[in-house]
There are 2 protein chains.
Amino acid sequence: MANIKETSVIQENKSNAFAACPVTFVVERIGGYWKPIILFNLLAGTRRYHELRKAVPGITEKVLIQQLKQLEADQLVTRISKPVVPPYVTYELSPQGKALRPVLLAMAEWAVGHGGAQSEQFEKQLADFPGEE
Amino acid sequence: MANIKETSVIQENKSNAFAACPVTFVVERIGGYWKPIILFNLLAGTRRYHELRKAVPGITEKVLIQQLKQLEADQLVTRISKPVVPPYVTYELSPQGKALRPVLLAMAEWAVGHGGAQSEQFEKQLADFPGEE
DNA sequence: ACAAGTACTTACCCAATGGTATGTTCAACT
DNA sequence: AGTTGAACATACCATTGGGTAAGTACTTGT
């Protein structure tokens, strides 16, 4: 019987930081590579699962589902499933998720300002971005 | 000789997403757990290495250095080293880094609004947060 | 009868992130 | 001569995020 490892010091440390720093609180929820991107897409409105797949290029099904589940568990998105065949499932931002709009828009604007060669493209993307619903 | 793996498809996919989505552009630079937290601390002003260690609880030296190097490589922070002994090294936000202020503040404000039990604490933190320099 | 489409699930794998622990350099202090 | 302190570097390990590939359930279209 090898090392058993009691509850991991790391998690405790993270909880400490979590308690102290508001940014940490946010990172714990929308950190990682894909979550902000998914949220940004949902900001534009309710999307079916399949639509999200197309809207977020490069993401795989597994990861998309995985991230959606986590976002759902953190109550940032709401999953609505109609019991029909073929399945009809949509995802949309919860009120908490919608409250992230300023964060995501601030990100997008920074990208416009500091995206170098991409800036123009980003600007176009933002131009036809839907406002509040 | 086993599979050699040419340049990784993943990176290509990421570059695609990167090209299309402004939020992806940002995530590529300040994604991960620690970077936003470090940037948030630097937002309050120039800090010595040792000060950062204390300001960011739970981070280890290795990871702190690592993240600082990456931020420096991405030109979000500037490292200033005085050639004295003992070493005197400070880190501060570059202009690009300072431009992230709205992003980080938006995060902090979201935390205040949605931090549940922690909200009050976050609010205090933000109250004595320095403004623009 | 069979392919197609939708929204997943499962099993397996790799690479990056992050953590622990220790070493280094140089000078001032004791 | 040994310790201390700043700002790292390095070696090694564990965890996690993310990727690939395949399978599932159920119905509609051909």
Subject >> Where A:Arg47 and A:Leu52 come nearest, the two heavy atoms and their spacing >> reply: CB-CG, 3.9 Å

Side chain of [X] only, heavy atoms from C-beta on: which candidate in [options] is closest?
{"X": "B:Tyr91", "options": "D:dT10, D:dC8, C:dC8", "answer": "D:dC8"}
{"X": "B:Pro86", "options": "D:dG5, D:dT20, C:dT9", "answer": "D:dG5"}
{"X": "B:Tyr49", "options": "C:dA7, C:dG18, D:dA7", "answer": "D:dA7"}
{"X": "B:Tyr33", "options": "C:dG18, D:dG18, C:dC8", "answer": "C:dG18"}
{"X": "A:Thr60", "options": "C:dT20, C:dA7, D:dT20", "answer": "D:dT20"}
{"X": "B:Lys62", "options": "C:dT20, D:dC8, C:dC8", "answer": "C:dT20"}
{"X": "A:Pro87", "options": "C:dC8, D:dC8, C:dT6", "answer": "C:dT6"}
{"X": "B:Lys69", "options": "D:dG18, D:dA9, D:dT20", "answer": "D:dA9"}
{"X": "A:Arg48", "options": "D:dG5, D:dG18, C:dA7", "answer": "C:dA7"}

Subject >> Between B:Tyr49 and B:Glu61: side-chain donor-acceptor atoms closer than 3.5 Å >> reply: yes

Original post:
Base, sugar-phosphate, or nothing for B:Gln67, non-hydrogen atoms under 4.0 angstrom?
Top reply: sugar-phosphate

Original post:
Heavy atoms under 4.0 Å, any strand shown: does B:Arg53 hit a base, just sugar-phosphate, or nothing?
Top reply: nothing

Using whole Å, report how far [atom1] of [X] lies from [atom2] of [N].
{"X": "B:Leu52", "N": "D:dA6", "atom1": "CG", "atom2": "C1'", "result": "14 Å"}
{"X": "B:Gln66", "N": "D:dT10", "atom1": "CD", "atom2": "C1'", "result": "12 Å"}
{"X": "A:Ile38", "N": "D:dG18", "atom1": "CD1", "atom2": "C1'", "result": "12 Å"}
{"X": "A:Leu68", "N": "D:dG18", "atom1": "CG", "atom2": "P", "result": "13 Å"}
{"X": "A:Gln70", "N": "D:dG18", "atom1": "CD", "atom2": "C1'", "result": "11 Å"}
{"X": "A:Lys82", "N": "D:dT27", "atom1": "NZ", "atom2": "P", "result": "18 Å"}
{"X": "B:Arg47", "N": "D:dA6", "atom1": "CZ", "atom2": "P", "result": "16 Å"}
{"X": "A:Arg79", "N": "C:dT6", "atom1": "CZ", "atom2": "P", "result": "16 Å"}

**OP:** Would you list the pairs meeting salt bridge (Lys or Arg N to Asp or Glu O under 4.0 Å) in which at least one residue belongs to residues 67-93 of chain B, sequence neighbours left out?
**Re:** none

Subject >> Axial cation check for A:Phe25 ring with A:Arg29, 6.0 Å and 45° limits >> reply: yes

**OP:** Take A:Glu61 and B:Gly32, find for each the nucleotide of DNA chain C with the closest heavy atom, and name the residue whose nucleotide sits nearer the 5' end.
**Re:** A:Glu61

Original post:
Should B:Trp34 be listed as having a side-chain N or O under 4.0 Å from OP1 or OP2 of C:dA16?
Top reply: no

**OP:** Could you pull out all residues at least two apart from A:Phe40 that satisfy ring pair (Phe, Tyr, Trp, His ring centres under 6.0 Å)?
**Re:** A:Phe129

Original post:
Atom NZ in B:Lys35, atom CG in B:Leu100: separation rounded to 0.5 Å?
Top reply: 12.0 Å

